[in-house]
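Before any comments, here is the structure.
This one's a predicted model, so the numbers in the text were calculated from it and none came from an experiment. Side-chain atoms are counted along with the backbone in the values below, which use heavy atoms only and exclude waters and symmetry mates.
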Amino acid sequence: MFLAPRGTIDILPEDQPYWLYVYDQIRRVAQLFDYQRLDIPIFEDTGLYVRGVGQGTDIVDKEMYSFVDKGGRDITLRPEFTAGIMRSYIQNGMRTWPQPVKVYTTGPIFRYERVQAGRYRQHTQFDIESIGSSDPAVDLEVMSVAWQLFSELGFRQLSFQLNSTGCPACRPAYIQKLVSYYEGQREHICEDCKRRLERNPLRVLDCKVETCQPIIAGAPHIQDDLCPECAEHFSTLRGYLDALGRPYTINHRLVRGLDYYTKTVFEVWAQGIGAQNAVCGGGRYDGLAEEIGGEPTPGIGFGSGIERIVMLMKEQGVQIPQPGASQVVLVYHGQPSKMRCIQLLDGLREAGIAATMGFDDRSLRAQLRNANRIGAPYALVLGEQELVADQIVLQDMQGDAPRETLALDDTVRVLKARLGMDTACTA
RNA sequence: GUGGGCGUAGCCGAGUGGUUAAGGCAUCUGGUUGUGGCCCAGAAGACCGUGGGUUCAACUCCCACCGCUCACCCCA
């Protein structure tokens with residue numbers, strides 16, 4: 001007996017309406033903001049992620065699904081979208097396209113993590129990137145995509161968190177300042193924070209341990225140490241957000257786990273998806289293109305986990321359109337009737353009527369029970385008696401309307417009329 | 001990598017040492033030689049997660065392993 005590998009899930013038919021609805025909304029909103037779809041491979045050269053995401057990050061150090069293929073190439077299942085999309089930008093010469101290049105995609109992401117509520121080893125992301133502009137108005141636009149998507153999905157009580165993490169000109173000095181502040185508090189901080197100081201000092205600001213909270217409260221804020229360019233960028237973005245009346249929280253503890261982020265970082269938080277609270281996270285990555293061997297190219301984007309979005313929709317009771325079942329089920333009795341049903345079924349489908357039929361020569365009763373359970377509004381019953389008379393019985397499965405006998409040749413026309421399908425233009 | 005909780009049919013779930021391991025949902029068949037929903041009857045479906053131990057006797061107690069799950073860490 002096999003089980004799905006740890007951290008993977010089956011998305012069953014009963015959940016598909018949520019997924020399809022989310023994909024529909026994504027496509028609509030992306031189009032509204034003039035973002036085009038781009039699909040990239042599910043696996044890339046391992047080096048792309050090592051260089052792009054950065055050594056010392058959890059993703060690269062311990063979470064990648066990496067293997068050597070039969071040709072001896074080092075391959076990694078994508079642990080995030082941005083590096084691959086930037087690779088595609090460079091490889092396809094997108095710098096010759098109108099700038100910025102605005103793309104989105106959806107698909108599976110792989111990270112070898114310990115599983116818990118809202119966290120999987122294979123999860124699905126909606127990802128959007130705007131590459132080629134350093135204008136804070138682009139930051140605003142990208143954030144607005146998230147804003148509009150989530151509000152159209154009907155979410156309530158989401159919280160936008162915003163911060164700036166500076167750039168290579170100002171961040172190192174800030175990190176130095178933060179580290180020396182922490183060195184002075186060394187005996188008061190938790191073990192994890194001691195480790196963070198070595199590996200990824202900014203992350204100490206995100207610590208949740210009780211005893212670390214006073215230390216964090218007294219820590220220097222990066223906003224006080226941004227270089228003029230970063231400070232200008234940040235205040236301009238805030239001005240735009242304010243002008244649109246967008247509520248957001250400046251969170252100087254918001255930091256990201258990937259190396260390529262510069263300036264703007266943001267997340268969208270929600271309750272109800274276990275201990276995880278981010279449904280969306282992203283930021284600016286002006287240094288990424290150079291890091292992976294391209295011309296210096298600014299960019300900004302975000303990823304959003306669809307499993308978490310669906311969890312939230314259920315949590316918040318978001319209503320979605322229900323997909324229709326088969327409109328009609330064909331029920332037969334006897335082999336000649338079965339043959340005729342198979343032909344009729346084909347004709348119904350060619351006419352655009354969603355139809356199924358009973359199988360396995362089960363009793364009329366069993367076939368009708370099944371039709372009822374499926375939820376089809378109509379059943380067509382074809383037995384020996386009807387067949388010899390070139391007739392068929394139409395049965396309304398929703399009410400108590402009496403059965404009707406139709407001419408077999410007339411079935412498609414009558415059904416179309418019943419189902420409200422316009423027959424005038426198809427005749 | 002660390003810690004907590006939990007493993008009885010497809011799903012939910014009773015059973016805490018003693019004959020054939022409740023019940024419900026779902027599935028299949030029949031009650032109507034050819035008519036669904038409601039109802040009734042019946043059938044099928046469980047090596048009680050796996051292995052070891054204790055005992056005259058283990059689903060039940062003990063140990064190990066595996067799996068699921070939640071949390072830390074980290075992130076979407």
Taking the side chain as everything from C-beta on, heavy atoms only, tell me whether [X] gets closer than 4.5 Å to [Y].
| X | Y | value |
| --- | --- | --- |
| A:R28 | A:Q25 | yes |
| A:L380 | A:L382 | no |
| A:W147 | A:F160 | yes |
| A:I309 | A:F155 | yes |
| A:R418 | A:Y378 | yes |
| A:Y174 | A:T165 | no |

Watson-Crick or G-U wobble partner for [N], using a 3.5 Å limit on both distances?
| N | result |
| --- | --- |
| B:rC61 | B:rG53 |
| B:rG23 | B:rC12 |
| B:rG3 | B:rC70 |
| B:rU32 | none |

Tell me whether the side-chain N or O atoms of [X] pair up with the base of [N] as donor and acceptor below 3.5 Å, since no angle test is needed here.
| X | N | value |
| --- | --- | --- |
| A:Q125 | B:rC75 | no |
| A:E386 | B:rG34 | yes |
| A:R114 | B:rC70 | no |
| A:R365 | B:rG31 | yes |
| A:R403 | B:rG34 | no |

With [atom1] as the reference atom in both, quote the distance from [N] to [M] in angstrom, rounded to an integer.
| N | M | atom1 | result |
| --- | --- | --- | --- |
| B:rG37 | B:rU27 | P | 11 Å |
| B:rA9 | B:rG15 | P | 16 Å |
| B:rC61 | B:rG24 | C1' | 30 Å |
| B:rG7 | B:rC48 | C1' | 10 Å |
| B:rC74 | B:rU16 | P | 45 Å |
| B:rA46 | B:rC59 | C1' | 11 Å |
| B:rG5 | B:rG23 | P | 32 Å |
| B:rG53 | B:rA58 | C1' | 11 Å |

Over how many whole Å does the gap from [X] atom [atom1] to [N] atom [atom2] extend?
| X | N | atom1 | atom2 | result |
| --- | --- | --- | --- | --- |
| A:L364 | B:rC28 | CG | P | 15 Å |
| A:N372 | B:rA26 | CG | C1' | 15 Å |
| A:Q367 | B:rG37 | CD | C1' | 17 Å |
| A:R362 | B:rG34 | CZ | P | 14 Å |
| A:M313 | B:rA76 | CE | P | 21 Å |
| A:I273 | B:rC70 | CD1 | P | 13 Å |
| A:D58 | B:rG1 | CG | P | 14 Å |
| A:I59 | B:rA76 | CD1 | C1' | 10 Å |

Is there a side-chain contact between [X] and the phosphate of [N], meaning an N or O under 4.0 Å from OP1 or OP2?
| X | N | result |
| --- | --- | --- |
| A:Q385 | B:rG34 | no |
| A:R373 | B:rU27 | yes |
| A:R369 | B:rU35 | no |
| A:S363 | B:rU35 | no |
| A:R119 | B:rC73 | no |
| A:Q116 | B:rC70 | no |

Would you say [X]'s side chain and [Y]'s backbone share a donor-acceptor pair under 3.5 angstrom?
| X | Y | value |
| --- | --- | --- |
| A:R284 | A:P298 | no |
| A:R308 | A:G118 | yes |
| A:K102 | A:F33 | yes |
| A:N163 | A:L254 | yes |

| request: Could you pick out which residue, A:D400 or A:V115, lies toward the 5' side of RNA chain B when each is mapped onto its nearest nucleotide? | output: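 On the 5' side of the pair lies A:D400.
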With nearest nucleotides of RNA chain B determined for A:E384 and A:G399 from heavy-atom distances, which residue corresponds to the more 5′ nucleotide?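 That would be A:E384.
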field: RNA chain B contacts made by residues 2-35 of chain A, counting heavy atoms under 4.0 Å
entry: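 A:L3, A:R6, in order of number.
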Note: contacts of residues 278-286 of chain A with RNA chain B (heavy atom, under 4.0 Å) are A:A278, A:V279, A:C280, A:G281
With a 6.0 Å cut-off on ring centres, are A:F302 and A:F126 close enough?
yes
Report which part of the nucleic acid [X] touches: base, sugar-phosphate, or nothing (heavy-atom distance under 4.0 Å, all strands).
| X | answer |
| --- | --- |
| A:E80 | nothing |
| A:R121 | nothing |
| A:D61 | nothing |
| A:G274 | sugar-phosphate |
| A:F126 | nothing |
| A:A379 | nothing |

[X] side-chain proximity, nearest of [options]:
| X | options | result |
| --- | --- | --- |
| A:H333 | B:rC75, B:rG34, B:rU35 | B:rG34 |
| A:H123 | B:rA76, B:rC39, B:rU35 | B:rA76 |
| A:A117 | B:rA76, B:rC74, B:rA71 | B:rA71 |

Lys/Arg N to Asp/Glu carboxylate O, A:D58 vs A:R111, below 4.0 Å: no
Contacts of A:D192 meeting salt bridge (Lys or Arg N to Asp or Glu O under 4.0 Å) (sequence neighbours excluded), chain-then-number -> A:R195
When every non-hydrogen atom of A:Y332 is compared with those of A:D360, the smallest separation belongs to OH-N, 3.8 Å
